[in-house]
There are 2 protein chains.
Amino acid sequence: MKSKEIYDHVERLANLLRSESRQVGIPYGMQPIQLEALRYLSICNRYSDTPMAVTEYLNQTKGTVSQTLKLLEKKNFLIKTTDSNDKRITHLKVSSKGNKLLQKLIPTPVYTQVSKKLSESTQTQIINSLKELLQVIQQENEMKSFGVCNTCRYNQKIKSDSHFCGLTQEPLSKVDISLICREHESVVE
Amino acid sequence: MKSKEIYDHVERLANLLRSESRQVGIPYGMQPIQLEALRYLSICNRYSDTPMAVTEYLNQTKGTVSQTLKLLEKKNFLIKTTDSNDKRITHLKVSSKGNKLLQKLIPTPVYTQVSKKLSESTQTQIINSLKELLQVIQQENEMKSFGVCNTCRYNQKIKSDSHFCGLTQEPLSKVDISLICREHESVVE
DNA sequence: GGTATATAGTATCGATTCAATACTATATTG
DNA sequence: CAATATAGTATTGAATCGATACTATATACC
C-alpha cells in the first residue's frame with residue numbers, strides 16, 4: 001500500500017520539475033531533455049562524456065539521443081571531439097556558453113527557494129530519503145548507478161589524496177573523483 | 001548548496017520514473033503523459049474531473065491536454081459527459097477498461113518491489129520527506145496543492161463521518177473526502 | 001434584456017521527442 | 001582476414017507541447 005503513496009509523490013515531484021524545467025528553458029529555446037543531457041555532461045567524468053553514456057543515463061535509444069545532441073551542438077552548447085584511441089567514440093564537452101546557461105538555470109528557481117525555506121536538518125533528512133529511494137530503485141532496475149568515484153568500488157585510495165581506478169587502470173585526480181561515472185559500482189554489495 | 005543536491009536526486013528519480021512509465025505503457029500504446037492524465041482522473045473528486053483540472057494538474061496548456069484526452073477517449077479509456085448545470089464543462093470518467101489498465105500498471109513494478117525491500121519505518125520516513133518537499137514546492141510555485149478533502153480547509157466536519165464542503169456548499173461522502181480536489185487548500189496558513 | 005467579458009473546450013500548425021529501422025565506420029575476436 | 005560487436009548517424013512516423021485562432025456557454029454590468 002505504501003508503494004502507491006511513494007509512487008504518487010514521486011510522480012507529482014517529477015511533473016512539477018518537468019514543467020518548471022520547460023518554463024525556464026523557453027527563453028533559451030531549450031527543451032527539458034536538452035537541459036538534462038547538458039546538465040549530465042557538465043557533471044560526468046572523462047569516461048562518461050559520450051553519446052552512449054548519455055543514452056544510458058537518460059534511458060533512451062541512441063538514435064533519440066543522437067538527435068538531442070545534434071541540436072545542442074547546433075546551438076553551440078557543446079563541442080564534439082573524436083577519441084584519439086578509439087575513433088568510434090565521440091567525446092562531448094560543454095562549451096562555456098553551455099556552462100553559463102546551466103549555472104543560470106540549474107538548480108531551478110523553485111529548488112533554490114525551497115532550500116532557503118527548509119532547515120538544514122530537514123534538508124539533510126530529505127536528501128537521505130531521496131538517496132535511499134534512488135539506490136533501491138537503481139538496484140531493482142539493474143541500472144547503472146552513475147555515482148561519483150568517491151563511492152565506487154573500483155576506486156583505490158593510495159594516499160590521502162591520491163586515487164586510482166581499478167577498472168581503467170588510470171590515476172584519478174581530485175576533480176575526477178567528484179564527477180559521476182557510467183562505470184560506477186557501489187561499494188556495498 | 002543543498003538545493004543542487006536535492007534537485008539532482010529529484011531529477012534522477014523523475015528520469016527513472018518517466019522511462020519506466022514509458023516502458024510499461026508500450027504494450028498498451030500508452031505514453032507517459034496519457035497514463036498520468038488517466039491516473040489523475042482515477043483519483044480526483046467530482047469537482048476535479050474536467051479538462052481544465054487536468055490542465056492545472058499537469059501544468060500544460062488546455063490545447064495540449066485536449067489532444068491527450070482525445071486520444072484517451074478514442075482508445076476507450078475514458079468517457080466524456082457534459083455537465084448538466086454548466087454546459088461548457090465536460091466531466092471525464094475513467095472507463096472500466098481504463099481502471100483495469102491503471103490497476104495493472106500503477107504503481108509501476110519498480111515501486112512495488114521497492115516497497116518490499118524497504119522497512120516500514122524507512123518507507124514512512126521517505127514518504128514524510130517527499131511530502132514535506134512537495135508542500136514547500138507547491139507553496140513556492142503558487143500552485144494548487146491537489147490534496148484530498150480530508151486535509152482541506154473548506155472541509156467542515158459535522159459529525160464523526162459526515163462532511164460538508166464550505167466552498168461548493170455540498171455534503172461530502174466518505175469516498176469524496178479521500179479523493180483529490182483542484183480547489184484544495186491546506187488547513188495550515 | 002442585451003452587450004461585453006470571462007470561461008471551457010476544440011482545431012490546427014510547427015518544432016521537438018521518441019522508438020524503430022536501416023545504415024556507416026571502427027574495433028575486436030577468432 | 002572474415003565474422004561479430006560497438007559507437008554513432010539518418011530517416012520515418014506517432015505523440016508531445018506551446019501558440020494561436022476559433023466556438024459555445026455563462027456571467028457581469030448597464
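Within every chain, numbering begins at 1; the chains are lettered A, B, ... in the order of the sequence lines, protein sequences first and strands thereafter. Remember, predicted model here, so these are calculated numbers, not experimental data.
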Has Q67(A) got a side-chain N or O lying under 4.0 Å from the OP1 or OP2 atom of dT11(D)?
no

Tell me the interatomic distance from Q31(A), atom CD, to dA15(D), atom C1', rounded to whole angstroms.
14 Å

May I ask you to verify if any side-chain N or O of T61(B) is less than 4.0 angstrom from the OP1 or OP2 atom of dG18(D)?
yes

Side chain to side chain, K93(B) and L78(B), heavy atoms closer than 4.5 Å
no

Of S66(A) and R18(A), the one whose closest nucleotide on DNA chain D sits nearer the 5' end is S66(A)

Separation of dG18(D) atom C1' from M30(A) atom CE, nearest Å, is 17 Å

Rounded to the Å, how far apart are K62(B) NZ and dT16(D) C1'?
19 Å

Side-chain N or O of Q34(B) closer than 4.0 Å to phosphate OP1/OP2 of dT16(D):
yes

Rounded to the nearest angstrom, tell me the gap between atom OH in Y47(B) and atom P in dA8(C).
16 Å

Report yes if the side chains of Y111(B) and I137(A) come closer than 4.5 Å at any heavy-atom pair, otherwise no.
yes

I would like to know whether Q23(B) and S19(B) meet side chain to side chain contact (heavy atoms under 4.5 Å, CB included); could you show each step before the answer?
CA-CA 6 Å; Q23(B) 209 166 17; S19(B) 76; 5.8 Å; no

Are I43(B) and I106(B) co-members of a hydrophobic cluster defined by side-chain heavy atoms under 4.5 Å apart?
yes

For the pair made of CG in L69(A) and P in dC18(C), what is the distance, rounded to whole Å?
12 Å

Within residues 76-93 of chain A, which residues have any heavy atom lying less than 4.0 Å from an atom of DNA chain C?
N85(A), D86(A), K87(A), R88(A)

Looking at T64(A), I'd like to know whether one of its side-chain N or O atoms comes within less than 4.0 Å of OP1 or OP2 on dA19(C).
yes

Could you tell me whether the side chain of R39(B) reaches within less than 4.5 Å of the side chain of L105(B), counting heavy atoms only?
no

Pairwise distance CD(E20(A)) to CG(N59(B)) - rounded to 0.5 angstrom:
10.0 Å

Atom pair distance, as rounded to whole Å: CE in M52(B) and C1' in dT10(C)
13 Å

Can S48(B) and N45(B) be counted as having a side-chain donor-acceptor contact under 3.5 angstrom?
yes

N128(A): partners by side-chain hydrogen bond (donor to acceptor under 3.5 Å, both in side chains), with sequence neighbours left out:
none

It should be established whether Q60(A) places a side-chain nitrogen or oxygen under 4.0 Å from OP1 or OP2 of nucleotide dC18(C).
yes

Quick note, R22(A) side chain, CB onward, closest among dG18(D), dT16(D), dG9(C) is dG18(D)

Classify the nucleic acid contact of I26(A) as base, sugar-phosphate or nothing, counting any heavy atom under 4.0 Å across all strands shown.
nothing

If you fit an axis to the five pairs at each end of the helix from dG1(C)-dC30(D) to dG30(C)-dC1(D), how big is the angle between those two axes, to 10 degrees?
20°

Here the gap from E120(A) atom CD to Q123(A) atom CD, rounded to the nearest 0.5 Å, amounts to 5.5 Å

Could you give the CG-to-C1' distance, from L58(B) to dA15(D), as a whole number of Å?
15 Å

note: I33(A), atom CD1; dA19(C), atom C1'; distance rounded to Å ~ 13 Å

Tell me if the NZ atom of K80(A) is crowded by more than 12 foreign heavy atoms within 6.0 Å.
yes

